[in-house]
Amino acid sequence: MTIETQARETQAKTSQISASSITPPTARKEPKQTTIHGTVLVDDYAWLREKESPEVTAFLEAENLYAEAVMAPLADLREQLYEEMLSHMKQTDVSVPYRDGGWWYYTRTEEGRQYPVYCRKANGGDAPENVILDGNALAEGKSFMALGGTNVSDDGRWLAYSVDHTGFRQYTLQIKDLHTGLVVDGEVERVGSLVWAADNKTLFYTVEDVEQKRQFQLWRHVLGTSHAENVLVFEEPDERFNLGAGRTRDGEFLVLEAGSHTTSEARFLAADDPTGAWTLVTARVDDQEYSIDHRKGLWFIRTNDAGRNFRLVTAPVATPGRAHWTELLSHREAVMLEDIDLFEHFFVACEREDGLPRLRLWSFTENDRAIQSNEIKFPEPVYSAFPHINREFDATRFRYAYQSLVTPSSVYEYDIATAASTLLKQVEVPGGFDREFYASERVFATATDGVKIPISLVYRQDKREAGGNPLYVYGYGSYGYSLPIGFNANRLSLLDRGIVMAYAHIRGGGDLGKPWHDAGKMLVKRNTFSDFVTAAEYLTLSGFGDPARVAIEGGSAGGLLMGAVTNLKPEIFRAVLSHVPFVDVMNTMLDASLPLTVPEYEEWGNPNEEEYFNYMLSYSPYENLKAGSYPAMLVKTSLNDSQVMYWEPAKYVAKLRTLKTDAQPLLLVTNMSAGHGGASGRYDYLKEIAFDYAFLLKELGLVG
């Protein structure tokens, strides 16, 4: 039977037979052998990479129809969940306006419309609204729309922006005259960062390599000229590196950064001299990173040259090299210096200590000496806090964002003179939300090597029953990414049904600084997986959840985590939700033509080297599937994903179907018109979440 026939038959069956009797699609086997380091890798489903093949399309659509058939009995629950989540969304809302030059910028949403509208007012107040971009208009007639970079010229007239209509992260540059509303000068494809020079007519932008999707060139465009006349300013030859262009907060310099996962360097150019020569701050050194900002003739340079957790140094603009660096903040073993927000009168050190973010303020004295003046304190045991939008260099107030697992997203303004914080806006959560019903806390599990693994928890207090609650555990643990601990109104649909939700801050992430990342990558990557298993087992042993009802979730590199831990200990999980999972590690990392592969040698290792090959092969989910029982699994992907290609989860599911010996559901759902993040419209996205939650609730025994 062909895949096309299966698709038609599955579609016909969905309306007339029970889910238990539906037969899932079967992908044909066509073995492809790769021999490396004396090992033969056999891939029976490599043909699924043929994106334009009608057979591939038919297989993905058949899987979608099968998933819909299995989930058909939960149609009413899905609709109920969608309405619940919609009830907690303030559909018509407006963001806190921020000042940039002579304008106040903000976004607003309108009930029934999928995308934000981007607006501004001159001098704020009652001035007439100027709509600079309407996301709904950009999405008209399109199944997907994502806004990329935006940048407004100093005089407020010219808007450079980029849009993606496929989900493949392929953005098209356009320039809009905000006085007339007309788009000028045509389009440029594959654009990344955008920045205007001070002359209000010269735009710099980066573009990506066609094959590897890395930003590798910097171009210069002058308004009123054809893009055929644009000038190539710089090209980065090293395949590990991406380019990014920006501007210092004081507006005096343009900055071009080249960075890999472990190494970086920066160049600068006076913003009022767009055709001038770019100056290198200091040449790249392997495994050392730095970033820069400018104040009063000095570069402020955040660097990890003296320790993994970074320090802060300064250097004169005229002599920015390492020989002229003067230390301002020293490296600390227990404190990660994540960023610096620099202003005329003060700077904010954005740090991470004990796994929690800190915002520490330093003031400049009359003789420009920096002294620590204060620290913004936060009241909860688990939270997220970071700078909000602060465009004005001469600011005397600092805006920051704060939220927690039980406190909605909030914007505060901190007065440098009085050390007082004022709440400007907290996202309203309609539909009867009362934060007093919920509690959050942080606990620690002990890994097999004695390391303490932080876990953030949230639950509804009146639903807690020691050892009796369904448990949901989320994890990521890669790239030094600190797992964000924020509020999500959608989560109420799970919490209100008694699910305890946990977020495991496992090694490989950045929750405890760079050393935490180092301890879960390359040749110690398996720490990430064992940490997650340890966290899940600790939570059930400590009474936070019923060991028979544990659901887990992760996406992208977190999907690798899902595949790895499910192979390690399938018996301890009841359900797995895996989004755009990076599960075909070996085949992807052996293909240097794919986007991201070469740069990611610094995260996973290069499998062309035997030591790394053997280690990666030991945990790659696709290669380590074997016959046996597995949890219920929902695997989701998108056809136009450029970060984890759709074929990885498709191949994984096809292979697992031939090996699993249980009757638990295994579903593959492919969004045929989106990318790595799924649906782009906010209502469409809620429907995707409702599908996920219905699956979890069914598998955790919370619906009949």
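For the numbers below, each heavy atom of this structure counts, side chains included, while hydrogens, waters and symmetry mates do not.
Leu495 is not listed as a side-chain neighbour of Phe437, based on a closest heavy-atom distance of 4.5 Å or more. Residues Thr446 and Tyr538 are not in side-chain contact: their nearest non-hydrogen atoms beyond the backbone lie 4.5 Å or more apart.
Between the side chain of Ser629 and the backbone N or O of Thr661, no donor-acceptor pair lies under 3.5 Å. Without hydrogens or angle criteria, Ser440 side chain to Val458 main chain gives no donor-acceptor distance under 3.5 Å. The backbone N or O of Ala592 sits less than 3.5 Å from a side-chain atom of Gln212, completing a donor-acceptor pair.
Ring to ring, Tyr402 and Tyr383 are close: their centroids are under 6.0 angstrom apart. Taking the six-membered ring wherever Trp is involved, the centroid distance between the rings of Tyr459 and Tyr438 does not fall below 6.0 Å. A centroid separation of less than 6.0 Å is found between the aromatic rings of Trp604 and Tyr479.
No more than 12 heavy atoms of other residues, nucleotides or ligands sit less than 6.0 Å from atom NZ of Lys626. In this structure, Phe378 places its CZ atom where more than 12 heavy-atom neighbours from other residues, nucleotides or ligands lie under 6.0 Å away.
Between Asp584 and the options Tyr652, Tyr622, Tyr45, a side chain to side chain contact (heavy atoms under 4.5 Å, CB included) holds for only Tyr622.
Applying the salt bridge (charged side-chain N to carboxylate O under 4.0 Å, His left out) test to residues at least two apart or on different chains, the pairs with a partner in residues 516-540 are Arg308-Asp518, Arg507-Asp531, Glu537-Lys569.
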Pair His331-Asn309, side-chain hydrogen bond (donor to acceptor under 3.5 Å, both in side chains): steps then yes or no
CA-CA 6 Å; His331 172 265; Asn309 278 337; 4.6 Å; no
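In summary, the side chains of Asn640 and Lys51 do present a donor paired with an acceptor at a separation below 3.5 Å, with no hydrogens or angles considered.
Relative orientation of the Tyr472 and Tyr474 rings is parallel, given thresholds of 30° and 60° on the angle between their planes.
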